Structures are given as C-alpha cells and as structure tokens.
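See structure below.
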There are 2 protein chains.
Amino acid sequence: MAKQNTVFKDAFNRCLELFAETATLPSEPELGQALGVSRTTVRAILTRCEELSLIAWDKRSKTVLRNPEPSDYFPSEETDSLAERIERSFMRRILAGGAEPGMQINELELAREIGTGTTSVREFLIRFSRFGLIEKRPNSHWVLKGFTREFALELTEVREMFELRSAARFVSLPEEDPAWEELRTIEAVHREILAAIDERYGEFSELDERLHLLVHKSSSNRFIIDFYDVIAIVFHYHYQWNKANARERNARALEEHLDYIAALQSRDPMSAEQACRRHLKSARETLLQSIP
Amino acid sequence: MAKQNTVFKDAFNRCLELFAETATLPSEPELGQALGVSRTTVRAILTRCEELSLIAWDKRSKTVLRNPEPSDYFPSEETDSLAERIERSFMRRILAGGAEPGMQINELELAREIGTGTTSVREFLIRFSRFGLIEKRPNSHWVLKGFTREFALELTEVREMFELRSAARFVSLPEEDPAWEELRTIEAVHREILAAIDERYGEFSELDERLHLLVHKSSSNRFIIDFYDVIAIVFHYHYQWNKANARERNARALEEHLDYIAALQSRDPMSAEQACRRHLKSARETLLQSIP
DNA sequence: CTTCTGTCTATTGTAGATAAAAGACAGAAG
DNA sequence: CTTCTGTCTTTTATCTACAATAGACAGAAG
C-alpha cells in the first residue's frame, strides 16, 4: 500500500455528479480541469466508469449510458485523505480525550492507533506544530502543551492585532474590489440564518470562518492570512466540542457580525475598529469560558 | 545508513573539551546532563575514548590519560545534523543561485543534490513552509514564492506590529525580571563592538538577533516568539549574502540599538515606542535596498 | 536509601521501495 | 494549427526496515 488512491476515489465520486448535467462528457483535459486532477486520474475514472457500464467510451466520444446509483459511489470513509483522517483522530484525542498538558505524544503509538505508517503521522505533527499546541524534543517525543487558558489568550492577542489591522485595510479597499460583493453576500446569509435561527444556528461556525477570513485576506499579508489557519482550526474543533448554549451564543455572534459588517460598509475606520473590538472581545470571552 | 550518528559525534567533540578541566570525569548521568544527550550516547562516547586511550574507564572511575589531539576530533562536516545541511544547501540555492519566483522545487532532485533521502528533504520543506517562501501544490511540486519585495514588506509589517507590542510589555517588566540584566549585558557588548568597529563589525548579526529576541520574548506570547524564527532566518542569511557596506550599516544599527536600549531602560513607553519605530524603519529600509 | 552502572526495550530519524498521481511528448483527429 | 488521445517518464505519498538514540529497570556501589 504505497499510496492511497483517495484522489481517484474522491474525483470519481465528484465525476458521477457531473452525469446529471450532460449526456456526453467533455474531453479528458477539460474533465481534469473541472475535477482538479491530472489526466492520468481522469483516465482511471473513465476506465472505471466503463467497467461499471456507466458510460460508453471510445476515444473522444463518451456517452452516459445510465444514471449512477448509490452503490456506484465509493464510501465516504475511503475518500478522505490520510492527512484528514490523522488530523481528526489527533484532534479527538487531544481535545475530547482528557489530554493533560505535558503529556507525551508517541509517533508510533499514534500511527498504530490510526492504522497508518509513522511517516505520515510524523509529517502531520510537523505541520501541526505551527499551531503552538505541541512541541518537539529533538531525538525524542513530542510534548502536548495543551489547549489551555494561556494558549487561548496568546492566540486571541495575535488574532486581535491582526484583525484590527485587516479591518482598517478593509475599509480603504477600492469600490470595485470583489471583497465588497462577498461581504454583501455574507451579510445576506447572516440575515437568512437569523430569520430561522432555531433550525439553522448550526451553520454559524462555517459562516464565521468565511467572514473573518475575508477580513484577514484584505491585509494582503501572507503571514496574517496564514495565521488565520490557526484560528480557524481552533474554533472549528472548539465548536464541535463545546455545544452548550450554542443557539444563544451563535445568535448573539450573528448580531455582532451584522454590526461589524455595517461598520465596515460605512467605510469609517473608527466605527469599524469599535465594532471589531466589541466582537473580538466577546469571541474571546466565549472561548475562555469553555476552558476550565 | 538508517540514522546519522551526528548526535554522538558532536557530543564526543564537546566531551573532549571537558578533559581540559578535570582529570577524572563525572558519572554517566551527569555527563549526559552536561552534554545534553542520553546515557546511551554517553556510554558510546566513553567507549570510544577508551579505544583511543584517552581515558581509562572502569565502572565509576574514569581517568583522563592524555590530552586530546586535533586528530581525535570528528571533522566538523560530520557533526552537523542532516537538517542543518539541508537548510544550508537549500538557502544557498534559493538566495544565492538565481532563483526566480514561481520556480518549481523538486524533492527528489534536491535530495540527490544534497546526497540524502527524500524523507528528510520533504520534512525540511514542510517545516520551512511556515516561513512563507515556498508553497505546496498538493500531490505535486512545491513552488518557490521568492525572496521578493512583497515578501520583505509583509515580513516587516508583522515584525513591527509584534516588536512594538513586545517593547511596550518590556518597559513594564518588574524590576527583578532577568531581562533587565540581560539587556545591560547586551548593551555592554554593543559598546565593546562599537569601540573596535573596524575589526568587530561582523559580530553585529548575532548581537542583533540576541537583542530582538530578548524583546520579543517579553511578549510571553508563543506566536510572537515563534514568529521571530522567521525574522531571524531571513536576516541571518541576508547578512551572509549581502555584505556591501556592512561596516557602515552595522555601525549605524549599533547606534540605533543603543538609543533603543536606553529608551527601554527609561521605562517610558512613549520614548521606547519612538526608538523602536526608528530602528525598525531603518532595518526595513536596509532589507529592501538589498532586493532588486 | 540514594546514586550509579549494566542491560534491555521502545522510539525516533533516515533510507529505500513501490503504487498513485502528475505531467511530457508525439502523433491523431478535428 | 489547435486540441485531443495514447503512451511513457518522473515525481509524490506512503509503507517498511533498521541503526541511532532515548529511556526504563534491577541490581551494585557507596
């Protein structure tokens, strides 16, 4: 098992969705473009489609023979990349499981538990180390620094610096910048969700990320934008983990977002700064409350 | 060749230095402590010392028989860890060699050139990616983003945010904080170097890192402190690469540092901020001048 | 009863191998 | 003459293996 063929399986599944739209499939390079994979993978997909009698394929003609059935798809467990599986397992262990700061992290043990080789785990840990939650002792184990109060405070301190700076840039973006359009879209989604808050409050997490990432992006600074990954992953898993009072919390945050959005749209630096500060302050408090 | 024994070789060399101080060596755990290695490595070192008739070793008694000669040491090329070698080769390629932005980076080729396995190169690139100079195309190559003007501006923007914040913290450190002592030491070294600037201007680079790292550390924020790695590596290689007018540049920077140090020692936030801004501004300009 | 040494085990760092995926090139089809 | 397909080569992602290194434990020495 040198390499998982998850790219193939995932692209295959996505390719079946395209069948609904057209009776004849486009050329191989075009398909590759649409699915975001190379021609090699496209041909593997087409070959499998042919084997399953989903299409008739002869050189340039690719005719859809029948609509795909659920059994044609690969199960979703098989389409996740190894890196995603490792991340989930790891985060579950350190966030959900009682993981005390100072705990040792063992590459071999993690690999065995996840059912994978050590190399992948190792590379994951290296990438993950930039989130500041783990640290390497050279020639020895990793140490879990823990999702502690200090961590949250350090994270939010930088977040606030970066977001205030980005918000200040945002209000000075030229009228024709696509960010304004995206901001209006995000605003509309906010209103939709608020209108049906009882059913849709769960969609907040994703929307939150979308808004803040948009703001951070206007900094045009790769370090600021990259840092948003740290924030996103922490909040992502934090929302999954801590669902107490989610409805009220999210409703309040949505209102704050609307204020923030309005302030950005006013193009007034001062009120944007104030709205930004207010929201970040309550976001910080929410995060801190969930930490013992 | 599963693992290079550079830890052993480097510790062995450092161990020979200890011979000058004592006629009998301390216990194994103590030696391990002093050299920063495990007992396993200590015993390997002692075994080799015995083989070379450098010491007589019987259980607890370890008597030095003769002083080490140059030929006893391992050559310095063999004591560098693989990671260090890869970093140097890579930086030489991308800074010195005409490396245009957008260039593809090939793991296999790099590994062959450095004479190492792909795994190590790969892990290096993953670690290095946080410096914002390269980017991964999944399932495909890395792309060099280049040491460009934008890079320098983005880097210094964050640097200035972080250092201003850290300097503000610094002035409010309590009297007994060891940072004040370290600051006085750094100040003294500055004066020494300035007094003999023509011969010693080359020592500035290291001192610069020491001062700024001290300031950043007072933020007590892991993200700010970690970010200093990015700054340090960029300036480190930048100094090596760009030696034009080094004497004058360093002399001016030393003067600025002294102002900055005095402002910090005054405990006055306003003057610390001003001195910090002044120095960072000229550091930025120096960096930008070296980029075409 | 603390600290050391001898011995053994477990884990990390690195190389090498292999399937998956990307990508290059020439000739075919429009 | 542009875009496609067939074929082939190169590179990446991942596993496995193994030496270097760390670390554990029991008995020895003080």
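To find a chain, count down the sequence lines: A is the first, B the second, and so on, and within it residues start at 1. For clarity, every value in this text was computed on a predicted model and none was experimentally measured.
Distance CZ (A:Arg85) to C1' (D:dC15): 13 Å, rounded to an integer number of Å. D:dA13 atom P lies 17 Å from atom CG of A:Asp80, rounded to whole Å. Between A:Arg48 atom CZ and C:dA21 atom C1' there is a gap of 17 Å when expressed in whole angstrom units. Per the geometry, CD belonging to A:Glu84 stands 14 Å off P belonging to D:dA13, to the nearest Å. If you measure from atom CG of B:Leu31 to atom P of C:dT3, you get 17 Å, rounded to the nearest angstrom. Atom CD1 of B:Ile45 is separated from atom C1' of D:dT21 by 11 Å (rounded to the nearest Å). Rounded to an integer number of Å, the gap from A:Leu35 CG to C:dA21 C1' is 14 Å. Separating the CD atom of B:Glu78 from the P atom of D:dA20 is a distance of 13 Å, rounded to the nearest angstrom.
Using a 4.0 Å heavy-atom criterion, one finds that A:Ser120 contacts the sugar-phosphate atoms exclusively.
At a cut-off of 3.5 angstrom, counting only N and O atoms as typed in the model, there is a donor on one side and an acceptor on the other between the side-chain of B:Thr119 and the base of C:dA15.
Using a 30° and 60° split on the angle between ring planes, B:Tyr239 and B:Phe235 fall in the tilted class, from 30° to 60°. Classified by interplanar angle (parallel below 30°, tilted 30° to 60°, perpendicular above 60°), the ring pair A:Phe128/A:Phe131 is perpendicular. Taking the six-membered ring where the residue is Trp, A:Phe162 and B:Phe162 present parallel rings, their angle staying beneath 30° rather than reaching 60°. Between A:Phe8 and A:Phe74, the ring planes are perpendicular. Angles over 60° get that label, and only those under 30° would be called parallel.
Under the Watson-Crick or G-U wobble criterion, with both distances below 3.5 Å, D:dA28 is paired with C:dT3.
Cation-pi check for A:Arg88 over A:Tyr237 is not met; the charged atom does not lie both under 6.0 angstrom from the ring centroid and within 45 degrees of its normal. Note that B:Arg48 lies in the cation-pi zone of B:Phe12, set by a 6.0 Å cut-off to the ring centre and a 45° limit from the axis.
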Can you give one letter per nucleotide of nucleotides 4-13 of chain C, going 5' to 3': B for a protein heavy atom under 4.0 Å from the base, S for sugar-phosphate only, - for none? BBBB---SBB
